[in-house]
Each structure stands twice: as C-alpha cells, then as structure tokens.
J.: 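Submitted below is the structure of interest, expressed as structure tokens.
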Amino acid sequence: MLLDLHARIKDVLRSTIRSQWNIEPPEITLSQTPKIELGELATPVSLALAKQLQRAPRGIAEELIARAGKIEGIERMEVAGAGYINFYVDRAATLRGSRVRGFATEAGKVIVEHTNINPNKAAHIGHLRNAAIGDTFVRILQAAGRNVEVQNYIDNTGVQVADVIVGLKHVEKKTIEDIQRIIKDSSVKFDYYCWDVYARVASFYELEDPKHTLRAETLKEIEEGKSETARMAELVAMTIARCHLRTMARINVDYDLLPRESDILHLKFWDYAFRELRQKDAIFFESEGKNKGCWVMRLESEGHDDDKIIVRSNGTVTYVGKDIAYQLWKLGLLKQDFRYDVFEAQQNVWVTTSSAGTPNHPSFGSGDTVYNLIDVRQSYLQNVVRQGLLGLGYEEQARRSIHFSYEVVALTPACAEELGIEISDEDRKRAHIEVSGRKGQGVKADDLLDTLENDAKQEVAKRNPELRNSEVAEIAHRIAVGALRYFLLKFTRNAIIAFDFREALNFDGETGPYLQYAAVRGNNIINKLREAEPDFDFSRVHQLLNDPKLEAFLNESNDIWELVYLALRLDEIANQVIMTLEPATLAKYAFTLAQRFSLFYHRYRIISEEDPQKRLFYVLVVDLVRESLTKALDLMGIEVPRRM
RNA sequence: GCGCCCGUAGCUCAGCUGGAUAGAGCACCGGACUUCGAAUCCGUAGGUCGGGGGUUCGACUCCCUCCGGGCGCGCCA
C-alpha cells in the first residue's frame, strides 16, 4: 500500500536527520511531483532544514540521500529544483504491493448521523446533499475497516411537525381517518401533499393566529403523547419518514437506526442530562432579567446577553437541551438506553421506541467517535451542545463529537424563476438565493430524480435502440443516480451550490455519467476480449504481475505508468477524505482517473495489439483501472451500468 | 455590533498540513467516428489569484487591514 510507503519514507528521513545533525526533525511532508518524469513523490524537507542548519538546501538534500540508504519500495532518489528530494518508486514492486489490501483497522465504533429531515414534508435537494455527503463518508469509513453505525434522527415532536398538524386540522379540517385515507390513496404522494399543506400554514398563522397559540398548543399535545393530535402527529411523521427513506433508497442511501425525539422525551433522557448539568454547574437558574425563570447556559463571552436558554420558563426543554441528551447517549455517557423495534425488515433498519420493543436487537449508540452531518447554519447551536459536553467535564468526548458541516444548496435566480418563485430585481443580480421551504419553494428530491431518469432514458434509448424498456429504465436509473450524486459531491463542503437544472442535468464533462462511461468502456474491452477469444486465459494477465517483463513494460512509457500509479492511489485518497472530512477530494480523484483512462483508451489499441505480451500488459492495465474506478464510484454510491 | 464562510479564466469550481511552470469542466473557435462505442479524444484562446501591507529562502495558501458578497447570533429547530 502506498500509505505504508509514505510512512517508511518519513521514518527513514526522520531518523537520518536525527542521527546526522542531532536535531529534532521538522514535520515531513510528501507531495506529488509536478510531472511523473520527476518521480512519484517529493519532499521539500531540505528547504525547511536550510535555515536551521545554515546550509544550502541542495547540499542538505544530497547528504540526506547519501545517508538514508536503501528505502524499501524506492528505486532511487534525486535532488531537484531548489533542493527537493524526489523519490522514484520501484514500479513493479509498488504494483505488486498494491494487490495486498487492507487498512490497519482502528478499533472503536464510529457513529455517523446524517439526513435528519424534519418529517413534515417531502425531501428537497438540500437534504440530498446532506445524505450524499454522509453516505459517501460512511462508505469510505467502512472501506477503511471501521465499525460504522448510521443514524437518521427523526425530530417527530418539533415545531415543523406541529405546524403541518395545525395545517391538517385547522386549515384542511382533516380528521385522523381522513389522513389515513389519503395515505392509502396511491394517487397521492403523501409527503408532497404535506409539502403543500405546510406552505399554506404560514399565511394561515398570519391571518388567523398571529401569536401562534395553535402551534404552542399542538406542540404541547404532541410532546405529551396520548391525545388524538399526538396520534395524528405520530402517523404523519412516521409516514413521511417512510417516504424519506424511500427517496434516499433511490440514491443508494440507507440507515441502521432511526432515533426519535419522542422517545428521548418519553424515556426521560433529558431528566438525567438535566440532573448532571445542574450538579456540575453547567447551567444556571435565572431569577431575574429577561431570562427570568429559565435555566441557561453561559457561553464563553462575558455578559449575560449571550446566555443560551436550555429550559424555558414554562419548564419545557429547547432543542439544544434534547440534543445534549442525545449526544450523551451517542457517546455512551447516558446511563440509559432506548428500546428498539424493526422499522423496515428488508433493509434491516431499526427505530427507537418507548414501548416494550424487541428483546433481541443489535447494540446501538456508545460511539467512540461521532460525526454529526449538519449544515453550517447550525454551527452556533452545535457549539452550544459542545459547550454542554465541556461543562459536564467530557473534554475528550467533546473532541470526538464532530460537527461535519457543509454549505447549503441555493438556487440560481434563473432557476428560481423557472420554478415560478417571485424574486426581486436585487435578487436577480445575485449569484444564488436561498428559498423558503416554509413557503413551499424549492426543488423536491423525487421530482429532480424523476427528471434525471427521464432524460437519461431518452439518451439510453437513442444510443441503444435494441434494449428492452426494463433494461433502459434500469440503466437510466443508474445514470440518474450517478449524475446526481457526483453533482452533489464534486463541490467542496463549504461551497454553496447554486442549483441550476441545466448544470445538474448535464451528462457531459465533469459529471457522474462521464465516470460511468469510462468504467463501462473498460468493462467492454474485457467483455469483447472474452467474446472474441473464448479460450483467452485471464490467469495469464495476473501471472504477468510476477513476470520480469512487467518491469520493462512499466518503465517503457511514463503515460501508462502515470495511469497505473493514479489507480493505485485510491486508498491514499480515501484516507485523506477521512482526515479532512472532504469527500470532494474523492470525486475529483475519480474524475481525473477517468480522464486519464479515456486518454489511454484513445491512444492504445488493446485487443488488436499484436505483441502478445504487450497485449497482456494492456489488459492488466485496463483491469487495474476499471477495478479502481469502480471502487471509487462505489464509495460515492454510484453504480456502473452494463452499457450506456 | 459580534462570530463564521466566500472572493482564482466569460460562467461554475479545484488547488492537499506554505513549495517546482496556478489547473479542470462548461461556453466559444478549429480538428478526430470504416477501429475496444464520439455520453469520447486532441488543439487554440482566456488569469494583476478582490485591493494594500506584513511574515518567509519561498504566499492562491499564514497574519493585519480595507472593499465586496453570503450566513448565523430567538423561551424556533
């Protein structure tokens, strides 16, 4: 593995620097060379040492090379430029070594919490970004051998659910029986129906209930459970949660557990957290001032203006309070557990419950590291939760409870207008505008997926007139998912995505289908070869790995080696994603790999190559690259179609 | 007011913990299908990295400051 090679190089350099000059070595960085002709890896460490040693960097580099001796996997080292040390790897050995897979598995359970959509209306593109990033991160952690648990928190007792219930009861005048009928009606998408109801509630409040007393009453009823309103909320929230899971399943996202806020309330998780917070003086009771009667948390800054209310004067707990209790449970610091039931047997999804539950359930919670995928607008609240953990004295756990933040998906002004949203002249000049889900604005996830699938179907049918409809649909589905997931992943986390249909529906250039196309081509070559020569012995391709000729082939051309070397870097890139929490790195890597492969594809004839040994070598290259590309796509939740 | 983020080619974005000549895609223009499939490939053009200071052998990257833009700061989540 390349990561092992990196570690070896750093070790040797460190010990050489120590023994040679008797100093503590600086942080050693390895970077890619600008051109493969200059070797594969480089370090500017001599430049860093130059000042300390009062010597010219090139001289230091020469001395380091002379004293370092032989490094396993490195063929030679050279001084270059201002004083870089360039490493030329032993190409054949590196390739052979890469066949031995497996990370040094880090012990400890990782919990990734993502998606977390309020269960009161259909999912939109912003939710898709959250799920795509979260699920990709999960896949990478799993590939790295980590024990991962995926949680999708269901805020079924929050204000947003209360609002849609107000809409159903007081605007639409629906009873629980009416709602049951609507849910059963297969011509109605229930999450879409609620999307519209929710949009109507805003104006209802404005006209009929400006003080939101109905909201407060409804919220209280929902929190207490038992009542007809509570049962209606339960029905609505869980039905919509089911819709969300179905939407996410379309883009290959799934979960292990759905923790529900109602269970945090009913099982009294908060009571324990509250006791702890009071005992350790992490929160204070306010007996005067604007926060009179509340329990508040004092944040870093001096005055009381920044105090955050945790328990309201009427005794109810804010979201932050409930989240602190939930975080404690996730970190295994709460002396209580949920009860559990199977939610979807087929996909093996579990849900928390306050009733008896199922005795033989897997063990949930108690993560050593917890990642919370929440958009950047909630940084302030996440920080309050963190302060809560610190206030309880859990410094180490606070460090391992990580806010994995990302920017939102906005719309381009043009896109907003296409959707019929009225925008001002000022907005029209902006790069992007955030639209209000409360007003029913935005792009629904299922609508976008439907559009993508239809577009893809047309393209597939056009190119493959002989395919049956069911096959066209299957391929189009994979292409749609590829286009969507790649589109959501290629932007770095803190870039705001200005959504635009033209760009999102594009299948050319830096897109998911481009990557899929490259993989399909690789597969086609192998398939064609099987077809043309049924008795072609593929074991000979892998035997080539141990053939002395391999070295000659790899050294013969830098362009092929560059492609092979890039394919070998997947593990290194995956590791980088884990360290930096930046899945876009993987997306960019996969794109570059596909690009290089396409170039190779055009430059070399594989099946018609006349030299039989060279042909074997080319087949080996194709096999290596398609394996790496397919794996990279899989880590992004993208499947390779049979053909395109 | 305080805090966080952003400003790189016409547009949308990369640029790893400071390192070698700042890179892609789209759009534009010009080429390549009788070949393993052109959802592809090749080429041309396009940048005072928002401005100004500073640190450094070296700054798109770090610090300060200014300008422009976004977001957050609720007894909502």
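Residue numbers begin at 1 in each chain, while the letters A, B, ... track the order of the sequences.
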J.: Classify the nucleic acid contact of Ile310(A) as base, sugar-phosphate or nothing, counting any heavy atom under 4.0 Å across all strands shown.
T.: nothing

J.: Nearest to the side chain of Phe591(A), heavy atoms from C-beta on, is which of G25(B), C41(B), U17(B)?
T.: G25(B)

J.: Using the rule given for ring-ring contact (aromatic ring centres under 6.0 Å, His included), can you reason through Tyr406(A) versus Phe404(A), listing the C-alpha separation, both sets of side-chain angles and the distance that settles it, and then say yes or no?
T.: CA-CA 7 Å; Tyr406(A) 63 94; Phe404(A) 192 136; 7.9 Å; no

J.: How long is the line joining NZ of Lys429(A) and P of C11(B), in whole Å?
T.: 17 Å

J.: With syn defined as a glycosidic torsion within 90 degrees of 0 and anti otherwise, which applies to C33(B)?
T.: syn

J.: Less than 4.0 Å between a side-chain N and a carboxylate O, is that true for Arg485(A) and Glu639(A)?
T.: no

J.: Can you tell me how far P of C4(B) sits from OH of Tyr380(A), to the nearest Å?
T.: 15 Å

J.: When the P atoms of G10(B) and U48(B) are considered, how many whole Å apart are they?
T.: 8 Å

J.: Name the one of Lys35(A), Arg596(A), Arg603(A) that satisfies salt bridge (Lys or Arg N to Asp or Glu O under 4.0 Å) with Asp559(A)?
T.: Arg603(A)

J.: Check if the side chain of Ser313(A) and the base of C75(B) share a donor-acceptor pair of N or O atoms closer than 3.5 Å.
T.: yes

J.: In whole Å, measure the gap between the C1' atoms of G54(B) and A59(B) for me.
T.: 11 Å

J.: Among the candidates C13(B), G70(B), A20(B), find the nucleotide nearest to the side-chain atoms of Lys588(A).
T.: C13(B)

J.: Between the side chains of Asn156(A) and Ser262(A), is a donor N or O closer than 3.5 angstrom to an acceptor N or O?
T.: yes

J.: Can you tell me how far P in C60(B) sits from the matching atom in A20(B), rounded to whole Å?
T.: 10 Å

J.: Touch check for Asp163(A), heavy atoms < 4.0 angstrom, all strands: base, sugar-phosphate only, or nothing?
T.: nothing

J.: Could you please name the option among G37(B), C75(B), C71(B) that lies closest to any side-chain atom of Asn291(A)?
T.: C75(B)

J.: Answer with base, sugar-phosphate or nothing: what part of the nucleic acid does Ile526(A) contact at a heavy-atom distance below 4.0 Å?
T.: nothing

J.: Among A77(B), A20(B), C75(B), which is the nearest nucleotide to the side chain of Thr33(A)?
T.: A20(B)

J.: I want to confirm an ordering. Mapping Phe507(A) and Asn314(A) to their closest nucleotides on RNA chain B, which one lands closer to the 5' end?
T.: Phe507(A)

J.: Scan Glu582(A) against the nucleic acid and name what it touches under 4.0 Å (heavy atoms): base, sugar-phosphate only, or nothing.
T.: nothing

J.: Which value, in whole Å, describes the distance between the P atoms of nucleotides G74(B) and G7(B)?
T.: 28 Å

J.: How long is the line joining CZ of Arg493(A) and C1' of C5(B), in whole Å?
T.: 12 Å

J.: Let me know the distance between CG of Leu586(A) and C1' of C16(B), rounded to the nearest Å.
T.: 14 Å

J.: Considering only side-chain heavy atoms of Pro513(A), which listed nucleotide, C41(B), G25(B), A39(B), is closest?
T.: A39(B)

J.: Nearest to the Asp508(A) side chain among G72(B), A77(B), A39(B), which nucleotide is it?
T.: A39(B)

J.: Can you tell which of G37(B), G25(B), U21(B) lies closest to the side chain of Lys35(A)?
T.: U21(B)

J.: If pairing requires Watson-Crick or G-U wobble contacts with both distances under 3.5 Å, which nucleotide is the partner of U61(B)?
T.: none

J.: From the set C75(B), C13(B), C26(B), return the single nucleotide nearest to any side-chain atom of Arg502(A).
T.: C26(B)

J.: Kindly assign one of parallel, tilted or perpendicular to the pair Phe591(A) and Tyr486(A), based on the angle between their ring planes and the thresholds 30° and 60°.
T.: tilted

J.: Base, sugar-phosphate, or nothing for Thr29(A), non-hydrogen atoms under 4.0 angstrom?
T.: base

J.: Partner lookup for U12(B), please. Criteria are Watson-Crick or G-U wobble with both distances under 3.5 angstrom; report none if nothing qualifies.
T.: A24(B)

J.: Check whether any side-chain N or O of Arg430(A) sits under 4.0 Å from OP1 or OP2 of G70(B), and answer yes or no.
T.: yes

J.: Side chain of Ala42(A) only, heavy atoms from C-beta on: which candidate in A77(B), G25(B), A20(B) is closest?
T.: A20(B)

J.: Evaluate the ring planes of Phe499(A) and Phe487(A), with Trp represented by its six-membered ring, and classify them as parallel (under 30°), tilted (30 to 60°) or perpendicular (over 60°).
T.: perpendicular

J.: Within the structure, does a side-chain N or O atom of Lys528(A) lie under 4.0 Å from either OP1 or OP2 of G37(B)?
T.: yes

J.: When the C1' atoms of G25(B) and G15(B) are considered, how many whole Å apart are they?
T.: 15 Å

J.: Please work out if Arg521(A) contacts a base, only the sugar-phosphate, or nothing of the nucleic acid, heavy-atom cut-off 4.0 Å.
T.: sugar-phosphate

J.: Can you tell me the base-pairing partner of C41(B)? Count Watson-Crick or G-U wobble geometry only, both distances below 3.5 Å, and say none if there is no partner.
T.: G31(B)

J.: Measuring from the side chain of Tyr514(A) (C-beta onward, heavy atoms only), which nucleotide among U17(B), A20(B), C41(B) has the closest atom?
T.: C41(B)

J.: Under 4.0 Å, heavy atoms only, any strand: does Gln160(A) hit a base, just the sugar-phosphate, or nothing?
T.: nothing

J.: Heavy-atom count check: over 12 atoms from other residues, nucleotides or ligands less than 6.0 Å from Glu533(A) CD?
T.: yes

J.: Check every strand shown and say whether Ala495(A) touches a base, only sugar-phosphate, or nothing at a heavy-atom separation below 4.0 Å.
T.: sugar-phosphate

J.: Would you say G37(B) has OP1 or OP2 under 4.0 Å from some side-chain N or O of Arg463(A)?
T.: no

J.: Under 4.0 Å between any heavy atoms, over every strand shown, what does Lys292(A) touch: base, sugar-phosphate, or nothing? Just pick one.
T.: base

J.: Report, as yes or no, whether the 6.0 Å neighbourhood of atom CZ on Arg502(A) holds more than 12 heavy atoms from other residues, nucleotides or ligands.
T.: no

J.: Using both distances under 3.5 Å as the test, list the Watson-Crick or G-U wobble partner of C4(B), or none.
T.: G70(B)

J.: What nucleic acid atoms does Val161(A) come within less than 4.0 Å of, heavy atoms only: base, sugar-phosphate, or nothing?
T.: nothing

J.: Would you kindly compare Ile85(A) and Ser31(A) by the position of their nearest RNA chain B nucleotide and give the one closer to the 5′ end?
T.: Ser31(A)

J.: Counting the atoms with a prime plus P, OP1 and OP2 as sugar-phosphate, which does Val159(A) contact under 4.0 Å by heavy atoms, base, sugar-phosphate, or nothing?
T.: sugar-phosphate

J.: Any idea how Phe600(A) and Phe597(A) line up, ring-wise: parallel (<30°), tilted (30 to 60°), or perpendicular (>60°)?
T.: tilted

J.: Are any of Asn494(A)'s side-chain N or O atoms less than 4.0 Å away from OP1 or OP2 of C5(B)?
T.: no

J.: Give me the distance, rounded to whole Å, that separates C16(B) from G50(B) when you measure between the P atoms they each carry.
T.: 14 Å

J.: Rounded off to whole Å, could you give me the CG-to-P distance for the Asn372(A) and A77(B) pair?
T.: 17 Å

J.: Whole angstrom is fine here: how far is it from CG in Leu515(A) over to C1' in A24(B)?
T.: 13 Å

J.: Heavy-atom count check: over 12 atoms from other residues, nucleotides or ligands less than 6.0 Å from Glu37(A) CD?
T.: yes

J.: Which part of the nucleic acid, if any, lies within contact of Arg377(A), taking any heavy atom under 4.0 Å across all strands shown: a base, the sugar-phosphate backbone alone, or nothing?
T.: sugar-phosphate

J.: When both hydrogen-bonding distances must be under 3.5 Å and the geometry is Watson-Crick or G-U wobble, what is C49(B) paired with, if anything?
T.: none

J.: Which part of the nucleic acid, if any, lies within reach of Asp155(A) when heavy atoms closer than 4.0 Å are counted: base, sugar-phosphate only, or nothing?
T.: sugar-phosphate

J.: May I ask you to say what Asn464(A) touches in the nucleic acid, namely base, sugar-phosphate or nothing, with a heavy-atom cut-off under 4.0 Å?
T.: base

J.: For Gln576(A) and U17(B), is the shortest distance between a side-chain N/O and OP1 or OP2 below 4.0 Å?
T.: no

J.: Determine which nucleotide pairs with G18(B), using a 3.5 Å limit on both distances of a Watson-Crick or G-U wobble pair.
T.: none

